[in-house]
Amino acid sequence: MGRLQQSLLILKNNPFAGRLCAVARDVELVLDNILPPRTTQLHEAMRYSVLGGGKRLRAYFTWASSQLFDVSHQDALQTAAVIELIHAYSLVHDDLPCMDNADIRRGKPSCHKAFGEATATLVGDALIPLAFQTFSSLEATPEVRLELIKELGHVIGSQGLVAGQMMDLGQEGPRSTLEDLSEQQRLKTGVLFGFAAEAGGILGNASPHERRALRSFGLLFGKSFQMVDDWLDGCGDEDAIGKPCGQDNEKFTFLNLLGPTLLYQKAEETLEEALKALSPFKERAYLLREAAVCALHRFS
Ligand code: GRG
């Protein structure tokens, strides 16, 4: 039996699913409060894009990393919600015709299909400042709030998500080797997972060493997650993942570079590396370890 299958057996007997549901529900309540009421088409579209769907894995990472420290429940949930606002923005913009041109997201019409391109563009534009505004009003000290704001700016800017998107669109950077693809995916997917995991540490005044460990865990998890996403696009079940498969057949993806068998093996190795990164926290990091194993559960 491979390590992945062993991990899946462990999952069947652990309470991760219940924990994820509980955190997702709490974060959705916070998001519901943060988002403006449905008074305009723009607000309606913002709520459509953020609420009612999504696994809330990044939010879970933030909550789970905050549990390693003495962090208020309210600040942990607000910070987790901020990360989901940013994630939702990135999906709305990524789905636009000028980007990945996707009609379906989370099993329903993507934002621009439901509300039009201009509104979808503005939904993304409005979610970003809402995220920063939310950070500015946490209960945490001004130093902690400023650090979160600074790091988020870095992670989503022209040396983070946006750079990854430029590379993904083929507008920038080399596109031939596994290293090229890993760098593209680190920026497009990894850095937000890295920030999600580190954010609990920032809230908890973690040491630089602890913050690096959390970030590194999130980055490696993000890489294995993207590998799984590529695998699912080529080999998965459309109904289970809520979007059409085979859309990336012609693209620069881990599946097309490695093929399904090697990709599976690499995803496994990357997960192991992610788990190792948590070693400074020893057994205390069990919530994050459990969540990381769940990423590969999507293989089943
Ligand atoms: C800057 C315009 C712009 C976009 C940023 C991050 C990004 C670039 C685009 C996101 C699109 C994308 C498909 C990224 C790959 C990561 C990924 C697999 C996202 C889906 O994440 P899940 O599965 O989604 O966690 P849910 O719906 O569960 O929240």
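Order of appearance sets the numbers: ligands from 1, and atoms from 1 within every ligand. Note that these values count all heavy atoms, side chains included, but never hydrogens, waters or copies made by symmetry.
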H93 heavy atoms within 4.0 Å reach ligand 1 at atoms 2 (C)
Check contact between D229 and ligand 1, using heavy atoms of the residue and a distance below 4.0 angstrom.
yes
Looking only at heavy atoms, is any part of R56 under 4.0 Å from ligand 1, and if so is it the side chain, the backbone, or both, or is it neither?
neither
Between Q226 and D230, do the side chains contain a donor N or O and an acceptor N or O under 3.5 Å apart?
yes
If I apply the N/O under 3.5 Å rule, does H87 come out as touching ligand 1?
yes
Contact atoms of ligand 1, heavy-atom distance to G54 under 4.0 Å:
26 (P), 27 (O), 28 (O), 29 (O)
Heavy-atom neighbours of E139 CD exceed 12 at 6.0 Å:
yes
Say whether, by atom type as modelled, one donor and one acceptor occur between the side chain of T62 and the main chain of A80 under 3.5 angstrom.
no
Flag D94 as yes when one of its N or O atoms lies below 3.5 Å from any N or O atom of ligand 1, and as no otherwise.
no
I'd like to know whether NZ of K251 has more than 12 heavy-atom contacts from other residues, nucleotides or ligands below 6.0 angstrom.
yes
Got more than 12 heavy atoms from elsewhere within 6.0 Å of NZ, K188?
yes
Taking 4.0 angstrom as the limit and counting only heavy atoms of T189, give me the atoms of ligand 1 inside it, by number and element.
15 (C), 16 (C)
Per-atom contacts, ligand 1 versus Q226 - under 4.0 Å to a heavy atom:
15 (C), 16 (C)
The answer for which part of F193 has a heavy atom under 4.0 Å from ligand 1 is neither
If you apply the rule salt bridge (Lys or Arg N to Asp or Glu O under 4.0 Å), what do you find for E273 with K223, and how did you get there?
CA-CA 11 Å; E273 281 181 64; K223 187 172 179 185; over 6 Å; no
By number and element, which atoms of ligand 1 are closer than 4.0 Å to a non-hydrogen atom of L161?
6 (C)
Side-chain (R106) to main-chain (S49) donor-acceptor, under 3.5 angstrom:
yes
Within reach of ligand 1, part of K188 (heavy-atom separation under 4.0 Å)
both
Separation of M99 CE from L91 CG (nearest 0.5 Å)
12.5 Å
Within-cut-off N or O pair, R106 and ligand 1, under 3.5 Å:
yes
